[in-house]
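Working notes, beginning with the structure itself.
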Protein chains: 2
Amino acid sequence: MSNCTQCIMKRFNALKTLTHDELERFSDHKTSLIIKKGENIMTEGNSINGLYCIQDGKCKLTKLNTNGKEQIIKFIKGGDILGHRSILSEEPVGLNATALEDMRVCFIPKGDILDSIKDNPQFSLNLIKNISLQLSHANTSISQMAQKPVKDRLAETLLSLEEIFGVDNEDCIDVILTREEIANTIGTATESAIRLLSNLKKDGVIDLLGKKIKILNKNALKNISEGY
Amino acid sequence: MSNCTQCIMKRFNALKTLTHDELERFSDHKTSLIIKKGENIMTEGNSINGLYCIQDGKCKLTKLNTNGKEQIIKFIKGGDILGHRSILSEEPVGLNATALEDMRVCFIPKGDILDSIKDNPQFSLNLIKNISLQLSHANTSISQMAQKPVKDRLAETLLSLEEIFGVDNEDCIDVILTREEIANTIGTATESAIRLLSNLKKDGVIDLLGKKIKILNKNALKNISEGY
DNA sequence: AAAGATAAATGATAAATATCATAATTAGAA
DNA sequence: TTCTAATTATGATATTTATCATTTATCTTT
């Protein structure tokens with residue numbers, strides 16, 4: 001099994017300040033998991049006894065509304081970590097993490113994480129910063145959901161998807177989402193999302209190649225996202 | 001000037017695990033401020049060099065949208081703390097904190113806070129839990145903004161305002177907000193908020209006494225907030 | 001108490017968005 | 001491959017929400 005001290009993913013997340021010894025300890029206790037597309041890494045309301053470090057693959061963080069609708073809160077990719085909020089706050093998991101494609105994930109038991117939090121203030125601080133940043137993004141999101149029209153939110157979301165996942169060799173945003181998932185991200189009906197995507201294509205701002213989306217005019221999208 | 005070791009507010013927030021010595025240190029360095037209605041305690045984008053502990057009075061945390069509209073993210077009252085997120089993440093303040101009435105506030109310099117974070121893991125953990133809980137609430141809020149109609153969000157907001165501020169001696173929600181502020185909380189036009197409040201009054205669910213709002217049928221409101 | 005300013009209320013209308021229906025396309029399974 | 005189911009697309013319509021206009025009420029200041 002791979003060794004945490006060698007793992008390239010640790011460079012991208014809050015684990016980067018861990019010492020060699022700490023990473024050895026993680027390595028000894030960690031388990032590697034394969035999560036198939038559609039399966040959950042974590043489930044809303046469940047308790048959790050460790051931290052997940054994403055090696056490879058993408059997932060969505062969702063919340064099920066009282067009316068049964070799914071809201072996508074955030075996207076996760078390789079290098080991200082999951083579950084630290086729940087470990088730190090000693091609360092159940094708040095969101096579902098559902099694989100958008102097959103994933104490779106490492107699970108590090110809670111005990112090791114808590115040990116490192118005690119021993120390594122910088123690690124602790126990095127986790128806090130991570131959560132802080134999420135809160136900051138969430139507040140921005142509230143404001144946009146509340147006040148921006150659907151079209152603006154769609155433009156914003158497309159830009160942010162390209163930011164997060166980058167583009168493939170055909171310059172398409174490198175994640176495959178259903179129209180329903182796009183709708184559940186921006187908070188609208190699936191048909192509305194489809195319609196607005198079609199309009200953006202008609203206007204030459206994006207191109208649609210099956211489920212793949214290519215941004216043709218980033219500036220135009222940015223303007224739309226800001227209401228122009 | 002009052003002494004932190006005696007302060008009743010410390011019982012209600014993350015400061016409750018501080019030792020007597022730590023509180024003495026806070027007491028020596030703290031400053032007390034009066035913030036008049038309409039003034040800002042913190043301003044979006046500014047940096048901050050300490051933590052605010054609210055003694056008395058209420059404020060709103062807002063975000064200014066790119067279109068110039070104000071979104072109210074959260075309400076704050078006596079016993080709450082402000083600024084810890086910014087201190088911990090070493091980022092500028094993300095939200096405006098604007099007094100809804102005259103306030104008494106204590107300011108504790110950053111250095112003392114950081115010392116206590118180093119010395120007192122439980123204090124540190126409490127701050128993390130506080131931010132964690134805020135993140136959890138924010139995620140719920142995103143979901144509701146995105147998927148619930150305005151009427152449901154208004155009902156939800158009224159219940160939550162009563163939860164936060166309690167009721168006065170006439171059973172009215174104990175905070176005075178303009179209709180515009182209510183609209184900016186639920187993310188709608190002022191006229192829409194006014195109209196929906198009038199409807200709720202007509203249906204006997206709430207009573208409107210000037211700016212004061214009295215919840216008459218909490219169950220009905222809860223049902224409305226869940227879409228029934 | 002009166003005057004002016006601000007906020008609240010309400011009606012009329014327009015715009016945004018959701019819903020329902022149905023066709024076209026795509027993906028997945030036998 | 002071929003069939004079936006799911007997804008995407010699009011039109012028609014209904015509903016929700018915003019905007020504009022105007023009136024009424026409330027608050028401030030003198």
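- Relative to the side chain of B/Val150, the nucleotides D/dT8, D/dA9, D/dT17 differ in distance, and D/dT17 lies closest.
- Here the options are B/Asn40, B/Ile41, B/Asn46, the test is side chain to side chain contact (heavy atoms under 4.5 Å, CB included), and the partner is B/Asn96; only B/Asn40 passes.
- A salt bridge between A/Lys212 and A/Glu170 is absent, with no side-chain N of the basic residue lying under 4.0 Å from a carboxylate O of the acidic one.
- Computed from coordinates, the A/Ile194 CD1 to C/dA21 P distance equals 17 Å when rounded to whole Å.
- In this structure, B/Gln147 atom CD and C/dA18 atom C1' are separated by 13 Å, rounded to whole Å.
- Nearest to the side-chain atoms of B/Ser192 among the listed nucleotides D/dA9, D/dA18, C/dT10 stands D/dA18.
- Salt-bridge formation is detected for the pair A/Glu90/B/Lys129: a Lys NZ or Arg NE/NH1/NH2 atom is positioned less than 4.0 Å from an Asp or Glu carboxylate oxygen.
- The distance from atom CG of A/Leu200 to atom C1' of D/dA9 is 15 Å, rounded to the nearest whole Å.
- With D/dT17, C/dT10, C/dA7 as the choices, the nucleotide that has an atom nearest any side-chain atom of B/Lys211 turns out to be C/dA7.
- Spacing between atom CG of B/Leu177 and atom P of C/dA8 amounts to 10 Å, rounded to whole angstrom units.
- Between A/Lys36 and A/Asp102, at least one side-chain nitrogen of the basic residue sits less than 4.0 Å from a carboxylate oxygen of the acidic one, meeting the salt-bridge criterion.
- Distance B/Glu180 CD to D/dC27 P: 17 Å, rounded to the nearest Å.
- Atom pair A/Ile176:CD1 and D/dA6:P shows a separation of 20 Å (rounding to whole Å applied).
- A residue-by-residue look at A/Arg153 and A/Gly210 shows that A/Arg153 has its nearest nucleotide of DNA chain C further toward the 5' end.
- Following rounding to the nearest Å, A/Glu191 (CD) and D/dA6 (P) show an atom-to-atom distance of 17 Å.
- In this structure, A/Asn67 contributes its side chain and A/Lys69 its backbone to a donor-acceptor pair below 3.5 Å.
- If you take CG of A/Leu209 and P of C/dT25, they are 16 Å apart, rounded to a whole angstrom.
- Counting only heavy atoms from C-beta on, B/Arg179 has its side chain closest to C/dA8 among D/dA9, C/dA8, C/dT17.
- In this structure, of C/dA16, D/dT19, D/dT10, it is D/dT19 that holds the atom nearest to the side chain of B/Arg195.
- Phosphate proximity of C/dA8 to B/Ser198: absent, as no side-chain N or O sits under 4.0 Å from OP1 or OP2.
- Closest to the A/Ala189 side chain, of the nucleotides C/dT10, C/dT17, C/dT19, is C/dT19.
- At the phosphate of D/dT7, neither OP1 nor OP2 sits under 4.0 Å from any side-chain N or O atom of A/Thr190.
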